[in-house]
Trainee: 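Below you'll find the structure I mean.
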Amino acid sequence: MDNKRKVLKIITIGDRSVGKLSMIKNYMGRPFFQWGNSIPLDFYFKDIMIDNETVSLQLWNTHGSAFNDGKVYFRDVDCCVLCFNIHNQQSFDNLPHWMSLVDEKVPFVLIGTKSDIERTEKSISNETIEEWCKHIEDQGIVKEKIHYFETSAKLSTNINEAYEIIIKIALNQYNNTKEKNSIDISIEPEKPKGICWW
């Protein structure tokens, strides 16, 4: 029996208050709540089954502006979840900054949050988002077509669908780069303290 379990490190980045924490909480099965500001860094654990194999997820959440110098936490990342608020132009304009913090070899999924709010003339249009994705693809910054989802943590829209792709990409990255990052499940690990607030 193979006692090694794969551990996928998925980090979520973007401006503060775009809804990163709400999205993670929703995927973890927690009810929607108007969460306050998170600490600069916290993360959450979830075990899932993939092809009859248990895989451990580490879902890292970063707190916007407080995390500008946190490159050390991007080591061994399997997938980056890049978030912006579809109604906030600045959060969209800041995407290149957040991308610059991550190794270019790390794949990412683009998430536009708060889709439950009706778009206005100040919202980022689908055409603008498509143009941004095409520009990134044409620059060769990504190897494949960018996966983009518009989500609502409030209505649970596209959360599970997005994470299905995120996990698939993370697992592929893991298999291609680091079989070493597995844990021995024959040894009962000590439960971490002070990293998951809910």
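One-based numbering along the sequence shown. The figures that follow rest on heavy atoms only: side chains count, while hydrogens, waters and symmetry mates do not.
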Trainee: Check whether any side-chain heavy atom of Phe92 lies under 4.5 Å from a side-chain heavy atom of Thr128, and answer yes or no.
Mentor: yes
Trainee: So which atom in Met49 and which in Thr54 form the shortest heavy-atom distance, rounded to 0.1 Å?
Mentor: SD-OG1, 3.1 Å
Trainee: Please check if the side chain of Asn175 supplies one atom and the backbone of Leu171 the other of a donor-acceptor pair under 3.5 Å.
Mentor: yes
Trainee: Side chain to side chain donor-acceptor pair (under 3.5 Å) between Gln89 and Asp93: does it pass, once the steps are laid out?
Mentor: CA-CA 6 Å; Gln89 184 67 45; Asp93 293 340; 2.9 Å; yes
Trainee: In the structure I gave you, are the side-chain heavy atoms of Lys46 and Met28 within less than 4.5 Å of one another anywhere?
Mentor: yes
Trainee: Provide the closest heavy-atom pair for Ser91 versus Asp15 in the form atom of the first, atom of the second, distance.
Mentor: CA-OD2, 3.3 Å
Trainee: In terms of hydrophobic clustering (I, L, V, M, F, W, Y; side-chain heavy atoms under 4.5 Å; direct or indirect links), are Leu101 and Val18 co-clustered?
Mentor: no
Trainee: Search all heavy atoms of Ile86 against all heavy atoms of Gly112 and return the closest pair with its distance.
Mentor: CG2-CA, 3.6 Å
Trainee: If the threshold is 4.0 Å, N to carboxylate O, is there a salt bridge linking Asp47 and Arg5?
Mentor: yes
Trainee: Looking at Asn94 and His97, would you say the former's side chain and the latter's main chain have a donor-acceptor pair under 3.5 Å?
Mentor: no
Trainee: Rounded to the nearest 0.5 Å, what separation is found between the CZ atom of Arg16 and the CG atom of Asn85?
Mentor: 14.0 Å
Trainee: Measure the shortest side-chain to side-chain distance between Ile117 and Lys114 over non-hydrogen atoms and say whether it is less than 4.5 angstrom.
Mentor: yes
Trainee: Got a second to check how far Tyr27's OH is from Ser156's OG, nearest 0.5 Å?
Mentor: 13.0 Å
Trainee: Applying side chain to side chain contact (heavy atoms under 4.5 Å, CB included) between Leu59 and each of Ile166, Ile10, Val81, report the one that passes.
Mentor: Ile10
Trainee: Report the distance from atom CH2 of Trp132 to atom OH of Tyr148, rounding to the nearest 0.5 Å.
Mentor: 10.5 Å
Trainee: Are the side chains of Phe84 and Leu110 in touch, meaning some heavy atoms are under 4.5 Å apart?
Mentor: yes
Trainee: So which atom in Ile165 and which in Val109 form the shortest heavy-atom distance, rounded to 0.1 Å?
Mentor: CG2-CG2, 4.4 Å
Trainee: Where do Tyr44 and Ile24 land on the side chain to side chain contact (heavy atoms under 4.5 Å, CB included) test, with the steps shown first?
Mentor: CA-CA 8 Å; Tyr44 308 84; Ile24 293 173; 3.9 Å; yes
Trainee: Quick check on side chain to side chain contact (heavy atoms under 4.5 Å, CB included): which of Asn158, Asn26, Asn160 does Thr151 satisfy it with?
Mentor: Asn158
Trainee: Closest approach of Thr113 and Cys83, non-hydrogen atoms and distance?
Mentor: CG2-CB, 4.4 Å
Trainee: Is Glu150 salt-bridged to Arg119, cutoff N-O under 4.0 Å?
Mentor: yes
Trainee: Rounded to the nearest 0.5 Å, how far apart are CD1 of Ile11 and CG of Leu82?
Mentor: 11.5 Å
Trainee: What's the spacing between Asp76 CG and Gln173 CD if we round to 0.5 Å?
Mentor: 10.5 Å
Trainee: How close do Glu118 and His87 get, heavy atom to heavy atom, and via which atoms?
Mentor: O-CE1, 3.7 Å
Trainee: Going by atom types only, do Asn61 and Thr12 share a side-chain donor-acceptor pair under 3.5 Å?
Mentor: no
Trainee: Compare all side-chain heavy atoms of Met23 with those of Tyr163 and state whether any distance is below 4.5 angstrom.
Mentor: yes
Trainee: Side chain to side chain contact (heavy atoms under 4.5 Å, CB included), that's the test. Do Phe108 and Val142 meet it? Break it down for me.
Mentor: CA-CA 9 Å; Phe108 72 90; Val142 294; 3.3 Å; yes
Trainee: Would you say Ser22's side chain and Gly19's backbone share a donor-acceptor pair under 3.5 angstrom?
Mentor: no
Trainee: List the steps and the verdict of side chain to side chain donor-acceptor pair (under 3.5 Å) for Asp116 and Ser152.
Mentor: CA-CA 6 Å; Asp116 54 284; Ser152 166; 2.8 Å; yes
Trainee: Nearest 0.5 Å, please: how far is CD in Glu137 from NZ in Lys143?
Mentor: 15.0 Å
Trainee: When clusters are formed by joining ILVMFWY residues with side-chain heavy atoms under 4.5 Å apart, either directly or through shared neighbours, do Ile141 and Ile129 land in the same one?
Mentor: yes
Trainee: Hydrophobic clusters here meaning ILVMFWY residues chained together by side-chain heavy-atom distances under 4.5 Å, can you tell me if Val77 and Ile136 are in one?
Mentor: yes
